[in-house]
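Comments concern the structure below.
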Amino acid sequence: MKFGTKAIHAGVKPDPVSGAIMTPIYQTSTYVQDAPGKHKGYEYARTQNPTRDALQESLAALENGKYGVCFSSGLAAMDAIIKMLKSGDEVIATNDLYGGSYRLLTKIFGQFGVKSHFIDMTDPEEIHKHVNKNTKLIMVETPTNPMLSIVDIKAVVKIAAKYKVKVVVDNTFASPYLQNPLDLGADIVWHSCTKYLGGHSDVVMGAVITKSKVLADKLFFIQNAAGAVPGPQDCFLMLRGIKTLHLRVQRSCDNAKKVAEFLLAHKKVSKVYYPGFKDNPGHKVAKKQMSGFGGMVSFDLKINKFSAAKKVLSGTKLFALAESLGGVESLIGHPASMTHASIPKADRLKVGLTDSLIRLSIGVEDISDLIADLDKALSKL
Ligand SMILES: *Cc1c(COP(=O)(O)O)cnc(C)c1O
């Protein structure tokens, strides 16, 4: 089955009771048993729920995996992955990981004796320097936020195999429509479904997908034992969002390309970060491992000041000033004061994350309106 067909049909069967074509919202906490020990496969809703089952099957299919395991947020999904480790184990992660992922590794799992190393994985050879006998996971995020750097997943997998270390990829920014890390050899892929998968900025959710029965058993055990499960209504909304994933992400990609080209030609703009440009350092790898360059664009201003960025950020009407990404509506954000405010300024500047850097999540609106909106905001400088 091709991607668009899977997005609509995978995991979803007509309801056995009524024939309802859409999976019902099984809003129940428990299930009646026919006799002690005799039930229909459902005992208690933290453990199993039919709406969640349909979604988990759908997500597994989209990532070309076998098992999908859903959680109440993206970070709860990552939390479950790290909970497979024990005290003394070590993780190697990309250094510009999503802020919440960094916080989870350092502030929570650090306390339980899981040590993390953060390295620049745009050069996968760096991994050799940090691997030791305790290394259990390599955590990749690509494209990264907000600089949209690209990590070569296949190259990381090759190095990890040498040391028998598992590779985990946060595929949130690409979405399964553009990139399938399991096909590139990764062991686990996870998502903040809050973003492109849901696509309508109305659900917070996470998912982990794998081909391995051993890993899936552990993840399902943690899902039930730790209990960070999504509710049935949210699972329904996620299933509904997924049906248009291919259409939405394709349109976002098309729009993002035009926005990036517009910004590159604008006299008030100093730099545009977009992996679709031939001279972008990640372009070759992106072209190899993604089927499109994504819906995110970051750019910097010639006037290198927060005050200049503020004018643009408050000057747009369609682009809403907000955190998050991947919805049908376009968003504008200021990483230095919003998503990346907790990172020391010197560290931010090292990667190009200046006070005037602006990040765009390009939605699926009409491109002429998006460009007119940005043009008007930039004219305020
Ligand atoms: C938003 C996000 C997360 C966290 O997901 P939540 O659903 O907010 O918990 C993790 N990784 C990336 C890349 C994100 O954008």
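These numbers come from a predicted model, not from an experiment. Start at 1 and go down the list; that is how both ligands and their atoms are numbered.
- Looking at Lys211 and Glu63, no side-chain N of the basic residue comes within less than 4.0 Å of a carboxylate O on the acidic one, giving no salt bridge.
- For Asn134, there are no side chain to side chain donor-acceptor pair (under 3.5 Å) partners, not counting sequence neighbours.
- A salt bridge links Asp355 and Lys345; the closest N-O separation between the charged side-chain nitrogens and carboxylate oxygens is under 4.0 Å.
- For a threshold of 3.5 Å applied to N or O pairs, the pair formed by Leu75 and ligand 1 contains at least one separation below that value.
- For Trp190, every heavy-atom contact with ligand 1 shorter than 4.0 Å involves the side chain, none the backbone.
- For ligand 1, the atoms lying closer than 4.0 Å to a non-hydrogen atom of Glu141 are 13 (C).
- The shortest N or O to N or O distance between Ser192 and ligand 1 is below 3.5 Å.
- Ranking the protein heavy atoms by distance from atom 7 (O) of ligand 1 puts Thr194 OG1, 2.7 Å first.
- Classification of Lys86 and Asp89 as a salt-bridged pair holds, one side-chain N sitting under 4.0 Å from a carboxylate O.
- Comment: Asp254 does not engage Lys258 in a salt bridge, judged by the lack of any side-chain N to carboxylate O separation of less than 4.0 angstrom.
- Considering backbone and side-chain atoms alike, Asp170 places an N or O below 3.5 Å from some N or O of ligand 1.
- The residue from Gly326, Gly206, Gly74, Ser72 that puts a heavy atom closest to atom 6 (P) of ligand 1 is Gly74.
- Between Phe306 and His334, the ring centre distance stays below 6.0 Å.
- With respect to the salt-bridge test (charged N to carboxylate O, under 4.0 angstrom), the residues Asp300 and Lys271 do not qualify.
- If you check which protein heavy atom lies closest to atom 10 (C) of ligand 1, you get Tyr98 CD2, 3.4 Å.
- Under 4.0 angstrom from ligand 1, the non-hydrogen atoms of Lys195 all belong to its side chain.
- Taking distance alone, with nitrogen or oxygen atoms compared against 3.5 Å, Val204 stays at or beyond that limit from ligand 1.
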